[in-house]
Amino acid sequence: MPKLESVRTTAEAIGRISCIKSGEEIGLLYRWDNGETQAALYEDGLPTAPDCLNRTAEPEVGTKRG
């Protein structure tokens, strides 16, 4: 087995992922404590990442650009 160089333990939601066509929120972007980022897309209207249910309101980062 390869040795893991960095272990991810906690993540923070840093952005929202929106559908280009509808503008509907379809997921969240997370930054792990080791600096890596990961997308978590919703499945059937529910977040796939368990800690999404308890998230606090954050600034909208997916606003439409003119």
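- Applying the side-chain hydrogen bond (donor to acceptor under 3.5 Å, both in side chains) criterion to Thr9, with sequence neighbours excluded, gives Asp33.
- Closest of all the heavy-atom pairs between Ile17 and Leu28 is CD1-O, 3.5 Å.
- Nearest heavy atom pair, residue Leu29 against residue Ala39, reads CD1-N, 4.1 Å.
- Between Glu12 and Arg31, none of the side-chain N atoms (NZ, or NE/NH1/NH2) sits under 4.0 Å from a carboxylate O, so this pair counts as no salt bridge.
- Minimum heavy-atom separation, Tyr30 to Ala13: CD2-N, 3.5 Å.
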